[in-house]
Amino acid sequence: MNTYRLEVLTPLGRAFSEEIVHALVPAEDGFVGVLAHHTDYVTSSPGGRFEVRLPGGGIQRFKVGPGFFRTRKNEAFFLTRSVETLSSS
């Protein structure tokens with residue numbers, strides 16, 4: 001299973017930094033699904049539900065504030081002012 005590094009960053013520092021399989025990112029026109037080796041991509045985000053699938057099959061859910069999401073060279077970054085962990089399974 002292919003993975004990539006995701007970092008969720010706030011002004012207070014790193015809120016999340018792990019290898020993941022998939023991210024479901026809130027974007028301006030809905031949600032964007034991102035897998036490993038995604039093409040370079042940048043989008044603004046209104047915030048909302050942000051979900052990641054971990055290599056072991058677990059799901060981590062967050063509520064994020066408005067921000068920006070970027071993928072590049074098999075890494076992804078979500079920059080926001082706020083993030084709240086909702087649940088993990």
Side-chain angles (χ1 to χ4, degrees):
M1 188 175 296
N2 291 321
T3 64
Y4 64 99
R5 167 112 358 230
L6 169 68
E7 295 195 14
V8 178
L9 305 168
T10 72
L12 299 176
R14 247 182 225 116
F16 181 86
S17 179
E18 289 190 36
E19 291 290 316
I20 68 166
V21 174
H22 179 262
L24 187 62
V25 182
E28 288 300 325
D29 295 325
F31 287 88
V32 175
V34 179
L35 294 167
H37 308 292
H38 194 284
T39 189
D40 292 357
Y41 180 73
V42 177
T43 187
S44 59
S45 171
R49 178 177 56 101
F50 188 111
E51 186 174 290
V52 299
R53 188 172 353 130
L54 304 170
I59 303 285
Q60 180 77 51
R61 293 177 181 90
F62 302 96
K63 179 181 177 183
V64 294
F68 295 91
F69 179 78
R70 176 183 187 208
T71 64
R72 184 171 181 256
K73 295 186 179 181
N74 221 32
E75 293 182 322
F77 302 91
F78 190 85
L79 308 174
T80 183
R81 289 193 177 272
S82 64
V83 60
E84 175 186 349
T85 300
L86 297 177
S87 66
S88 60
S89 56

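All values below come from the heavy atoms of this structure, side chains included, with hydrogens, waters and symmetry mates left out.
Taking Ala15 as the reference, Val8, Thr10, Val83 meet the side-chain contact (heavy atoms from CB on, under 4.5 Å) condition, with sequence neighbours excluded. Legend: residues meeting side-chain contact (heavy atoms from CB on, under 4.5 Å) with Leu54, ordered by chain and number and at least two apart, are Phe16, Glu18, Ile20, Val52. Under the salt bridge (charged side-chain N to carboxylate O under 4.0 Å, His left out) criterion, Arg81 pairs with no residue at all, not counting sequence neighbours. In terms of the side-chain contact (heavy atoms from CB on, under 4.5 Å) criterion, residue partners of Glu7 (sequence neighbours excluded) are, by chain and number, Arg5, Leu9, Arg14, Ser17, Phe77. Remark: Phe50 pairs with Phe78 by the ring-ring contact (aromatic ring centres under 6.0 Å, His included) rule, at least two apart or across chains. With sequence neighbours left out, the side-chain hydrogen bond (donor to acceptor under 3.5 Å, both in side chains) criterion links Thr3 to Glu19. With sequence neighbours left out, the side-chain contact (heavy atoms from CB on, under 4.5 Å) criterion links Val32 to Ala27, Val34, Tyr41. Arg72 meets the salt bridge (charged side-chain N to carboxylate O under 4.0 Å, His left out) test with no other residue; sequence neighbours excluded.
Note that CG of Leu6 and CG of Asn74 are 11.5 Å apart. Values are rounded to the nearest 0.5 Å. In this structure, CZ on Phe31 lies 8.5 Å from OG on Ser45, to the nearest 0.5 angstrom. Here CZ of Arg70 is found 13.5 Å from OG1 of Thr43. Values are rounded to the nearest 0.5 Å.
Judged as a salt bridge (Lys or Arg N to Asp or Glu O under 4.0 Å), the pairs with a partner in residues 31-53 (not counting sequence neighbours) are, in order, Arg49-Glu51, Glu51-Arg61. Within the structure, every pair that satisfies the side chain to side chain donor-acceptor pair (under 3.5 Å) test and touches residues 20-33, not counting sequence neighbours, is listed here: Glu28-Ser44.
Members clustered with Leu12: none, using a 4.5 Å side-chain heavy-atom cutoff among hydrophobic residues.
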